Amino acid sequence: MPELPEVETLRRQLTDAVVGKTISGVEIIDAIIPPFTVNGTPLVIEIRRWGKYLGICLNNGQQIIIHLRMTGNLLLLPADETLPAHSRFVILFNEVKVVCRDPRRFATIDLVTSFTKNALIENPAVSFPTVAIAHKGASASSPIKQFLLRQEIVAGIGNIYACEILFVARISPFKKTSELTRGEWLRISKASAKILAIGIESRGVSVSDWRDLFGEKGKYQEKLLVYKRKGEKCHRCSGIIERKALAGRGTFFCPSCQR
DNA sequence: GGCACTGTTTATAC
DNA sequence: CGTATAAACAGTGC
Ligand SMILES: [Zn+2]
């Protein structure tokens, strides 16, 4: 479930763990991944993030770009440790290695010399300006939840946090963006910053098998407000949380206090 | 066994 | 052009 908070957690942990270290190679385990060659044995100079993309920047001009998709995670292990099941690639250092474990095999890794991903709101955990997105929303007809999931609009929000944010903002996931008022956009802005920050502080949400770089579970699953809470009592009113499909995704909300 | 469901994105069809 | 659906894959739960 790597969404923005999970990927940001890895970015921070990787920064502490491998910046300044020498990469001795990248081993591709899953043959479906196109092979590539790292030039020489470069140093890691920075770990960057664009939405859910992670970039390992090297001092040879190359960059390793990783997207964990549904079930990918990264694990820091001693160099001589046996690889876990579903390992797909391994980034090798002198004494440690970073392995990508990914049962569903959707995660991607690429070696590039330049990379960028643009979005209307680049880092919603830090800043969520409302003027441009409200303008774009005014001319769209999609439900707000689908709109928040579009990565070229808001980089990094995924299905779980979209549900959580809209609960905090007291807005129905099905409400059309063209019908949102200025005040509602401001509530979405505040709720996004708040929930994503809590997600990051919690080192993510382990509703399934998510683990951080050190194999530890996150803590946000203990704080979930609506996600996976179908049939349970709303924390804000006397309503009961419902689940409905929206664009094929499970969508959790309180029908009585989200309008 | 069968079917629904799961964190994401993208190609393809309309 | 925007929007909707299927597909990539493997596991889990009913
Ligand atoms: Zn409620």
Side-chain angles (χ1 to χ4, degrees), chain A residues 1-11 28-34 49-54 65-75 84-89 100-110 115 117-120 124-125 135-166 173-174 176-178 195-196 199-200 202-213 216-231 241-252:
Chain A
M1 57 210 60
E3 302 183 26
L4 185 154
E6 289 75 26
V7 181
E8 175 63 17
T9 295
L10 288 175
R11 190 196 67 76
I28 303 294
I29 314 277
D30 185 342
I32 206 169
I33 300 173
R49 180 181 63 77
W50 301 262
K52 299 167 193 166
Y53 285 88
L54 209 49
I65 303 295
I66 294 168
H67 195 301
L68 296 166
R69 298 286 186 104
M70 292 283 266
T71 54
N73 68 332
L74 299 176
L75 207 51
H86 308 293
S87 294
R88 298 193 62 224
F89 60 82
C100 175
R101 219 190 63 86
D102 177 31
R104 287 181 73 179
R105 301 169 67 197
F106 293 155
T108 61
I109 179 170
D110 292 286
F115 183 85
K117 275 277 168 182
N118 296 313
L120 200 56
H135 184 256
K136 192 166 178 67
S139 62
S141 65
S142 67
I144 179 61
K145 184 190 169 218
Q146 266 184 275
F147 199 74
L148 292 178
L149 288 175
R150 286 171 54 180
Q151 300 299 295
E152 83 281 14
I153 297 175
V154 191
I157 291 181
N159 198 45
I160 297 175
Y161 292 100
C163 293
E164 298 287 291
I165 286 165
L166 289 170
F174 298 89
K176 300 277 194 287
T177 53
S178 55
I195 289 296
L196 294 171
I200 294 168
S202 308
R203 284 175 300 98
V205 51
S206 300
V207 294
S208 180
D209 52 4
W210 162 257
R211 294 293 185 279
D212 70 10
L213 187 65
E216 301 286 327
K217 285 188 178 191
K219 297 261 186 237
Y220 190 78
Q221 66 277 8
E222 300 161 13
K223 304 168 193 168
L224 285 169
L225 299 165
V226 284
Y227 188 79
K228 282 277 168 81
R229 293 193 66 241
K230 179 188 174 183
I241 305 304
E242 274 186 25
R243 178 197 181 279
K244 283 188 178 169
L246 201 177
R249 313 294 304 277
T251 300
F252 298 82

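Convention: sequence-line order gives letters A, B, ...; per-chain numbering from 1. Note that the structure is predicted; figures quoted are calculated from it, not measured.
Spacing between atom CG of A:N159 and atom P of B:dT9 amounts to 11 Å, rounded to whole angstrom units. A:K230 has its NZ atom 11 Å from the C1' atom of B:dA4, to the nearest Å. Look at CG on A:L149: it is 12 Å from C1' on B:dT9, rounded to the nearest Å. B:dT9 atom C1' lies 17 Å from atom CG of A:L54, rounded to whole Å. A straight line from CG of A:L148 to C1' of B:dT8 spans 16 Å, rounded to a whole angstrom. Across the protein-nucleic acid pair, A:I153 atom CD1 and B:dT9 atom C1' stand 15 Å apart, rounded to whole Å. B:dC5 atom P lies 17 Å from atom CD1 of A:I160, rounded to whole Å. Distance CG (A:N73) to C1' (B:dT6): 15 Å, rounded to an integer number of Å.
Scanning DNA chain B for stems, defined as runs of 3 or more consecutive Watson-Crick or G-U wobble pairs whose donor-acceptor distances all fall under 3.5 Å, gives the following ranges: B:2-6 with C:10-14, B:8-14 with C:2-8.
More than 12 heavy-atom neighbours from other residues, nucleotides or ligands sit within 6.0 angstrom of NZ on A:K223.
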**Study point:** Nucleic acid footprint by protein, nucleotides 4-9 of chain C - heavy-atom cut-off 4.0 Å, B for base, S for sugar-phosphate alone
**Key:** S---BB
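In this structure, A:G248 reaches neither bases nor backbone, as no heavy-atom distance under 4.0 Å exists between it and the strands shown. Using a 4.0 Å heavy-atom criterion, one finds that A:R88 contacts no nucleic acid atom at all. No engagement by A:T108 is indicated, since no non-hydrogen atom pair under 4.0 Å with the nucleic acid exists.
In this structure, NE2 on A:H86 lies 12.5 Å from CZ on A:R104, to the nearest 0.5 angstrom. The CD1 atom of A:I241 sits 8.5 Å away from the CG atom of A:L225 when rounded to the nearest 0.5 Å. To the nearest 0.5 Å, atoms CD (A:E216) and CG (A:L75) are separated by 10.0 Å. Interatomic distance, CZ of A:R88 versus CD1 of A:I109, reported as 9.5 Å (0.5 Å rounding). Within the model, atoms NZ of A:K176 and CD1 of A:I144 stand 11.5 Å from one another, a figure rounded to the nearest 0.5 Å.
Distance alone, capped at 3.5 Å, places no donor-acceptor pair between the A:Q221 side chain and the A:V207 backbone. One N or O on the side chain of A:N159 and one on the backbone of A:G250 form a donor-acceptor pair closer than 3.5 Å.
Distance from the side chain of A:H86 is smallest for C:dG11 among the nucleotides C:dT3, B:dT9, C:dG11. Side-chain proximity of A:K52 to the nucleotides B:dC5, B:dT9, C:dT3 is greatest for B:dT9.
The gap from the P atom of B:dA11 to that of C:dC9 amounts to 15 Å, rounded to the nearest Å.
Close to C:dT3, at under 4.0 Å from its OP1 or OP2, lies a side-chain N or O of A:S141. Applying the 4.0 Å criterion to OP1 and OP2 of B:dC5, one finds that A:R249 has every side-chain N and O outside that range. Contact check, A:Q151 against B:dT9: a side-chain N or O comes under 4.0 Å of OP1 or OP2.
Ring geometry for A:Y53 versus A:F115: interplanar angle of 30 to 60°, hence tilted.
Comparing A:H67 and A:F252 by the nucleotide of DNA chain B that holds the closest heavy atom to each, the one mapping nearer the 5' end is A:F252.
Under the ring-ring contact (aromatic ring centres under 6.0 Å, His included) criterion, A:F147 pairs with no residue at all, not counting sequence neighbours.
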